[in-house]
Structures are given as C-alpha cells and as structure tokens.
Participant: 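What follows is a structure written as structure tokens; I'll ask about it next.
Below, read A as the first sequence line, B as the second, and so on, with proteins coming before strands; counting in each chain starts at 1.
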There are 2 protein chains.
Amino acid sequence: MSGSKLTMEFKHQATVTLAEVAEAAGVGESTVSRVLRNHGSFSGKTRERVMAAVERLGYVPNRIAGTLASTGSRLVAFVIPSLSNIVFPDVLRGASAVLEQNRYQAVFSVADYDPGKEEALAAAMLAWRPAAVMLAGYEHTEGTAKMLRASGCRVVELLDLDGDALDIAVGFSNRAAGRESAAFLLRRGYRRIGYVGHDLNRDTRAGKRFSSFCETLDANGTPLVAHEILGGPSSVENGRLGLERLLARATDLDAVYFSNDDMALGGYFHCLAQGIAIPSQLAIFGYNGLDIGRAIPQPLSTIRTPRVATGEIAAQLIVANAPPQAVDLGFELIEGATA
Amino acid sequence: MSGSKLTMEFKHQATVTLAEVAEAAGVGESTVSRVLRNHGSFSGKTRERVMAAVERLGYVPNRIAGTLASTGSRLVAFVIPSLSNIVFPDVLRGASAVLEQNRYQAVFSVADYDPGKEEALAAAMLAWRPAAVMLAGYEHTEGTAKMLRASGCRVVELLDLDGDALDIAVGFSNRAAGRESAAFLLRRGYRRIGYVGHDLNRDTRAGKRFSSFCETLDANGTPLVAHEILGGPSSVENGRLGLERLLARATDLDAVYFSNDDMALGGYFHCLAQGIAIPSQLAIFGYNGLDIGRAIPQPLSTIRTPRVATGEIAAQLIVANAPPQAVDLGFELIEGATA
DNA sequence: AACCAGAATGGCAGCGCTGCCAAAAAAGGC
DNA sequence: GCCTTTTTTGGCAGCGCTGCCATTCTGGTT
C-alpha cells in the first residue's frame with residue numbers, strides 16, 4: 001500500500017450523500033429519491049440528469065438511513081442451529097435466491113443447537129428490526145417466544161410441523177418421517193431393528209423422528225432392539241463409530257435406522273470395510289436424501305426432504321406478507337438399495 | 001389466529017423507543033444510551049433504574065438508528081459463490097463465531113460463481129455500509145474492484161493468495177496446492193495421470209490448481225495424459241460420471257487428480273462399483289480434506305484446507321481493524337490410502 | 001385569455017439514536 | 001465552609017433518508 005496520507009484519505013468514507021447528488025444534478029432531494037426508487041413521478045429529462053450525477057459521483061444509497069426513515073426494513077434474519085449440517089445451508093440457499101430477487105437482504109447467526117444462545121442471538125437480530133426472523137423448529141425458550149411475539153415482526157419456523165407455530169411454519173412432519181421410515185422397514189420384512197443417532201437433546205427434530213419411529217415399531221409388536229446414541233453433532237465418522245458399537249452389542253440386527261444420511265453413510269462405509277453385505281445381512285436407512293447418497297455404489301434408502309424449497313417458500317411468504325399459516329411440503333421416501 | 005382487531009394491534013410494532021425508556025426511568029435519553037452501551041459514566045442507582053425500565057417496557061434497542069447516528073456499522077457482508085459447496089458454509093461458520101462474540105452481525109448473499117452477479121450483490125451490500133465486505137478470491141470485475149475501493153470499507157478476499165489483494169487477503173495458495181498434489185503423485189511413482197474437474201471458468205481457484213498441477217507434470221516430462229471437465233458445479237455424481245468418461249477415453253491411467261473431494265469421492269465410488277482396485281489399479285487424489293474423506297474404507301488422499309480458520313482469521317482481522325495484509329494459512333497434504 | 005386537472009418538483013419534519021457540550025451534583029482539599 | 005476537581009447528567013443537533021404537503025409547471029379546455 002502507500003503513504004499514510006493516502007491511507008488517511010482512504011479511511012474517510014467517500015460518503016456521497018443524496019443531498020450532494022441533488023445539488024450536482026440541480027434538483028431537489030426528494031426528486032433524487034423518487035428517481036432512484038422509481039417511485040412517484042418525474043420527467044425523463046430529470047431522470048437522466050439524476051442518473052448522470054449518481055454515476056459521476058459514484059453515489060451508493062444508504063439503506064441504513066433509508067430504513068430508518070421509512071417503516072419496515074428489508075432484512076430477513078436467520079437464526080440457524082448449525083452450518084456444518086448441510087440442511088441449513090440448503091435452506092439458506094433457497095431463501096437467499098428468493099430474497100435477493102426481491103431486494104431483501106439475509107442476515108444470519110449460528111446458535112449451535114443451544115436454545116439459550118438462540119435467545120441471545122434472536123434478541124440481537126431484533127435490534128436490526130428485520131422484516132422477519134426465521135428459526136429452526138418449534139423448540140424455543142419461553143423468553144425467545146415472548147420476545148418474538150412482542151417484536152411485531154414476522155416469524156417463520158422452519159423444517160418442522162409437529163407443534164404450534166408462532167406465526168408462519170414451513171416444512172414437513174418429522175414424526176411422519178419417523179413413522180414412514182419404520183413402516184417401510186417393516187414392510188420390507190425387517191424385524192430386528194436398531195438405531196444409531198447423534199445428540200437428540202439438541203437436535204429435537206431428530207428426536208421426534210426417533211420417537212415416532214419407535215412408536216411405530218412398538219405398535220407392530222417388534223420394538224427397537226438396540227440403539228446407540230453418540231454425543232456431539234452428526235457426522236459420517238460418528239455414524240461409522242455408532243454402527244460399530246451397536247453391532248458389538250447387538251449381533252443379530254437385520255436393519256439399522258440412522259438419525260440422518262451423514263450418519264447412515266458412516267454406517268454404510270463401516271459395512272463396506274467389514275464386509276457386511278447390504279442389505280442382505282444388514283439394511284441401512286437414513287434421512288435427508290443428500291445427493292451423495294445416490295452416488296454411492298448402492299443408492300442409500302432414505303427420505304428426501306425439501307430443504308431448498310423450504311427456504312424458498314419461507315422467503316416467498318415473507319416477501320408477499322402472507323398471513324399466518326403452516327405449509328407442509330412433505331417428503332419423499334427413496335427406496336434405494338440399502339434397505 | 002384471532003380477530004382482525006388483534007391482528008391490527010399485532011401489526012403495529014410495539015416500538016418502544018429510547019426516549020420512552022428515559023421517561024419511564026426518569027432520566028435523560030443520553031443517560032439511557034450510556035447505560036445500555038456501558039460507555040461513559042453513570043451511578044449504580046441510575047443503572048438500576050434504567051435497567052428496570054428497559055425490562056418493564058421490553059425495550060429492544062434499534063441498531064438501525066444507532067448505526068446511522070454513530071459512524072461505523074457492525075455489519076460484515078459476505079458475497080460467496082455458493083452454499084452448496086461446503087467450503088463456504090465452513091468459512092461462514094468460522095467467521096460468524098468470531099463476529100457474534102464481538103457483537104458484529106453477518107450478512108450474506110450468494111453470487112453463484114457469476115462475477116456480474118457478484119458486482120450487483122456487492123453494490124447492494126455496500127448500501128448497508130458494512131464494516132467489511134468479504135469475497136471469495138481475486139477474480140472480480142473491474143466495476144466490483146472500483147466500487148469496493150471507493151467505498152472506504154474494509155475488503156477481505158478469502159481462500160486464495162495467488163494475486164494482488166485489494167486490502168486484506170486470508171487463505172492459502174491454490175497454485176501451491178496444485179503443485180504439491182502433482183509432486184506427491186510423481187513422488188509416489190505415478191506417471192500416467194489424468195484429471196477430472198468441474199466448470200473451471202467459474203471456479204477460478206480450481207482452475208489455478210489445475211494449471212499449476214499441469215505445469216508441474218510438464219516440468220517432470222510426464223504431461224497430463226487426459227482430462228475430463230464437466231459443466232456445472234462440483235458434485236459426487238459429477239465426479240463419478242467424470243471418471244467414467246475419462247476412463248472410457250484413456251484406459252491406461254494410473255492416477256487421477258480431481259478438482260475437489262466431492263468429485264474425488266464420486267471417482268472413488270465409481271471404482272468401488274466397477275471393481276477397480278485403489279490405489280494399485282488407479283490412484284485418486286482430491287482437494288479440501290472433507291471429513292467424509294476420512295470415513296470411507298480407504299481414507300482419501302487429499303489436501304486439507306483450513307476453511308474454518310480462514311473465516312475466523314478474517315473476522316478477527318476485521319474486528320481488530322488490522323492493516324492491509326495477506327495471511328497465508330497454508331494447507332496440509334493428507335497421504336490417505338487412495339494414492 | 002382565463003381556467004383547471006394532473007404531472008413534476010422542492011421543502012422540511014421527522015425516523016431513533018449517538019456525540020458533544022454545558023450544567024448540575026458529588027467529592028475532595030485546605 | 002469555600003473553592004476546585006471529578007463524576008454524573010440532560011439537552012439538542014445531527015446521521016442520510018423518506019413521506020407528506022405545498023408549490024410550480026404543462027398542456028389541454030372552454
């Protein structure tokens with residue numbers, strides 16, 4: 001870089017204001033504002049003069065000021081549990097595409113599956129007066145719920161439908177997913193079924209799948225034979241390790257349900273490495289329907305969830321200022337070759 | 001939900017302002033502001049009175065107004081190429097942890113590997129007057145660079161060091177990665193080497209790795225035998241397909257370099273499915289060092305990149321208002337079992 | 001030529017907060 | 001008890017923009 005003088009100059013924001021543009025264009029401030037937002041009426045000639053001045057001065061509108069002066073902001077706040085689990089980037093991807101198209105701006109923070117942290121982050125988010133706050137699921141602290149209700153801003157709860165929404169909910173039923181997974185395995189004739197999962201206290205949606213999975217097995221008179229729950233987040237390595245441990249305790253399983261595809265892939269690799277034939281010796285079933293599950297030699301049997309669509313729909317509802325509602329996007333059972 | 005009256009009430013933001021808190025606490029506005037920001041001096045008694053009023057009214061400060069009134073904002077803007085490629089969520093994860101701790105707020109948009117879109121999104125970001133804009137790599141349009149320079153806000157270019165930084169750069173050399181990958185394969189005795197990659201015009205960092213990989217092979221007198229480049233983004237499925245196509249054309253390869261681990265995993269699965277022995281019949285080498293690469297039966301040979309650390313360091317430099325600099329975080333070659 | 005609707009424009013008061021300054025209160029110092 | 005220093009406090013002018021309202025132009029109409 002260069003000398004300190006230049007650095008100093010550099011630090012002073014070259015803050016061109018709307019007033020300066022107005023002056024340069026020889027028009028009033030409100031005229032510039034109208035032209036820039038293409039709102040209200042103005043002549044073509046004026047428009048050209050303004051745009052020329054904008055161009056010449058390199059004016060960049062200040063949305064902070066604009067938001068303060070007008071009413072609602074065009075920020076949408078996401079408080080997500082994790083960025084490691086691809087589920088949430090997928091949701092963000094869907095949402096951000098729609099938001100960008102509508103000149104909304106996505107803001108996010110990561111609560112790390114911790115309701116207390118979620119509350120703190122939601123509070124910090126509300127300070128930006130977003131148009132909406134988007135959260136994962138229904139399990140929030142009392143404080144979070146109260147704060148969100150009082151804020152008057154829209155709230156969207158994502159990826160879960162088993163509970164009461166604060167405002168809008170977009171997703172699918174995790175209980176139904178657990179149920180259908182169990183029904184599928186039973187239909188296929190599996191009876192000695194085990195489970196490998198990650199920390200369910202934190203990932204409550206995985207917990208819901210697990211409990212309704214078990215209920216379905218119970219109702220069939222063939223309860224879960226064994227389960228192995230690992231602390232920490234879901235990962236391929238934990239899935240591998242979990243299955244290894246499970247099989248050490250329960251030797252005669254014919255199928256294993258995993259908390260999600262990452263975990264299931266770990267199980268699949270364990271079988272590959274140990275020469276356990278899939279599905280004849282052991283069937284494997286996951287959850288999420290990740291692309292990678294279709295690229296392994298035997299496509300993974302799993303449930304595909306509409307993650308990107310969840311983000312898209314959520315964003316669309318906010319952009320359209322839709323009334324409170326719960327949108328069920330469903331899911332798709334993929335038969336695959338592992339169960 | 002309930003009747004329209006309630007809905008109406010609900011819509012009116014219960015906007016408690018600082019002035020109202022001041023009135024309720026029986027103190028001046030500036031006193032409330034000082035207490036809330038814990039800045040300047042005030043008595044313990046006053047503090048209690050203010051906090052009680054804040055609690056009672058459920059006051060949430062308005063950061064929009066605060067940012068406008070003070071100078072710099074605490075927003076950090078990310079313009080990333082993709083959210084599908086886990087690389088960028090990883091960077092965001094590292095950065096957001098640091099930012100949250102310092103009361104900064106992350107804002108993002110997805111440019112989809114399109115420089116034109118990047119320019120538009122960067123412009124939209126600048127309108128929020130962020131403390132910093134973070135982008136992937138050095139390949140920006142003329143307009144983007146000019147705009148960023150003129151903005152006076154900090155700029156961080158991530159995940160690349162082969163080029164000239166606008167301000168701060170944090171990452172590692174993709175050219176060095178390509179070089180070392182080639183050197184490793186040569187050291188292991190592979191001579192008939194191929195390449196499978198995804199769209200290099202868009203992912204310029206992958207392009208840099210590829211070109212320095214080829215240069216290294218050339219310098220050794222054993223140039224690349226064949227390559228297969230697929231349009232579209234990297235994915236496991238594209239890796240599988242790419243290797244299938246490559247092997248159809250070049251039957252006597254002894255190693256294949258992939259544009260990243262996703263692609264390499266696809267190649268690995270193709271070999272598994274086709275009964276191609278790894279690495280004796282064909283060696284496979286990736287890039288990124290994803291966790292999943294270590295959980296497959298034969299750990300993937302690859303280069304592990306410090307993605308989370310890239311985000312962390314970038315955020316730390318911004319929080320500390322560090323001077324312009326390039327930070328090389330290096331990478332680690334993982335020998336694995338596939339090459 | 002007088003009149004009028006409608007288009008085009010400018011002025012200015014805030015949006016809710018922070019930063020500065022001056023005033024008031026508390027705390028010492030002799 | 002009087003004066004100085006330090007701490008605590010309130011008032012108020014903006015930050016850059018939008019929204020409202022009043023005003024000035026246009027271009028017909030009668």
Participant: If I take atom CG in residue A:L68 and atom P in nucleotide D:dC17, what distance separates them, rounded to the nearest angstrom?
Facilitator: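 In whole Å, D:dC17 P lies 12 Å from A:L68 CG.
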Participant: Counting only side-chain N and O atoms of A:T31, is one of them less than 4.0 Å from OP1 or OP2 of C:dG10?
Facilitator: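 Checking C:dG10 against A:T31, a side-chain N or O does come within under 4.0 Å of OP1 or OP2.
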Participant: When you measure from the side-chain N and O atoms of B:R37 to the phosphate of C:dG19, is any distance below 4.0 Å, counting only OP1 and OP2?
Facilitator: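 B:R37 to C:dG19 OP1/OP2: side-chain N or O found under 4.0 Å.
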Participant: Ignoring the backbone of A:S43, work out which of C:dT9, D:dG10, C:dC17 is nearest its side chain.
Facilitator: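 Closest nucleotide to the A:S43 side chain: C:dT9.
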Participant: Do we see a donor-acceptor contact under 3.5 Å between the side chains of A:R49 and A:T46?
Facilitator: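 No.
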Participant: Calculate the interatomic distance between B:I64 atom CD1 and D:dC15 atom P; express it in whole Å.
Facilitator: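 Between P of D:dC15 and CD1 of B:I64: 18 Å.
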Participant: Please report the distance, rounded to the nearest Å, between CZ in A:R47 and C1' in C:dA7.
Facilitator: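 In whole Å, C:dA7 C1' lies 17 Å from A:R47 CZ.
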Participant: What nucleotide among C:dG14, C:dG16, C:dA7 has an atom nearest to a side-chain atom of B:N62?
Facilitator: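 Among C:dG14, C:dG16, C:dA7, the one nearest the side chain of B:N62 is C:dG16.
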Participant: In whole angstroms, how far is the C1' atom of D:dC17 from the NE2 atom of A:H39?
Facilitator: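 About 14 Å, once rounded to whole Å.
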Participant: When the nearest nucleotide of DNA chain C is assigned to B:A69 and to A:V32 on a heavy-atom basis, which residue is associated with the more 5' position?
Facilitator: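 Mapping each residue to its closest nucleotide by heavy atoms, the 5'-most match is A:V32.
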Participant: Distance only, no hydrogens: is a donor on one side chain within 3.5 Å (strictly under) of an acceptor on the other, for B:H140 and B:E119?
Facilitator: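 Note: B:H140 and B:E119 side chains miss the donor-acceptor criterion.
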Participant: So, is A:S70 close to the D:dC17 phosphate, meaning a side-chain N or O under 4.0 Å from OP1 or OP2?
Facilitator: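 No, outside the criterion.
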Participant: On DNA chain D, nearest-nucleotide positions of B:G26 versus A:L18: which is more 5'?
Facilitator: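 This one resolves to B:G26.
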Participant: Whole angstroms only, please: what is the CG-P distance between B:L36 and C:dG16?
Facilitator: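 Result: 16 Å.
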Participant: On the nucleotide C:dG19, are OP1 or OP2 found under 4.0 Å from the side-chain N or O atoms that B:S33 carries?
Facilitator: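 So the side-chain polar atoms of B:S33 never come under 4.0 Å of the phosphate oxygens OP1 or OP2 of C:dG19.
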Participant: Mapping B:A65 and B:S41 onto DNA chain D by nearest heavy atom, which one lands closer to the 5' end?
Facilitator: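 Per heavy-atom nearest nucleotide, the more 5' residue is B:S41.
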Participant: Does B:S30 have a side-chain nitrogen or oxygen under 4.0 Å from the phosphate oxygens OP1 or OP2 of D:dT9?
Facilitator: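 For D:dT9, neither OP1 nor OP2 has a side-chain N or O of B:S30 closer than 4.0 Å.
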Participant: So, are A:D167 and A:R154 salt-bridged, with charged N and O less than 4.0 Å apart?
Facilitator: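 Yes, charged N to carboxylate O under 4.0 Å.
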Participant: Is B:V156 close to B:L317 at the side-chain level, that is, under 4.5 Å between some pair of heavy atoms?
Facilitator: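 No, their side chains stay 4.5 Å or more apart.
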Participant: Measure from CZ on A:R34 to P on D:dG16 and round the result to the nearest Å.
Facilitator: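 Those two atoms, CZ and P, are 21 Å apart.
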Participant: Just call it for A:G72: base, sugar-phosphate, or nothing, with non-hydrogen atoms closer than 4.0 Å on any strand.
Facilitator: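 No contact.
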Participant: Is the distance from OP1 or OP2 of D:dG16 to the nearest side-chain N or O of A:T17 less than 4.0 Å?
Facilitator: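 So the side-chain polar atoms of A:T17 never come under 4.0 Å of the phosphate oxygens OP1 or OP2 of D:dG16.
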Participant: Could you check how far CD of A:E29 sits from C1' of C:dG10, rounded to whole Å?
Facilitator: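 Value for this atom pair: 9 Å.
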Participant: Under 3.5 Å, is there a donor-acceptor pair between the A:S33 and A:R37 side chains?
Facilitator: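 Present: a donor and an acceptor within the cut-off.
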Participant: Taking all non-hydrogen atoms of both residues, which atom of A:R74 and which atom of A:R103 are closest, and how far apart?
Facilitator: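 Smallest interatomic distance, heavy atoms only, reads CD-O, 3.4 Å.
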Participant: Please determine whether a side-chain nitrogen or oxygen atom of B:T46 lies at a distance below 4.0 Å from atom OP1 or OP2 of D:dT9.
Facilitator: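 Answer yes for this pair, as a side-chain N or O of B:T46 is under 4.0 Å from OP1 or OP2.
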Participant: Roughly, in whole Å, what's the span from CZ in B:F42 to P in C:dA25?
Facilitator: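 Taking atom P of C:dA25 as the reference, CZ of B:F42 is at 20 Å.
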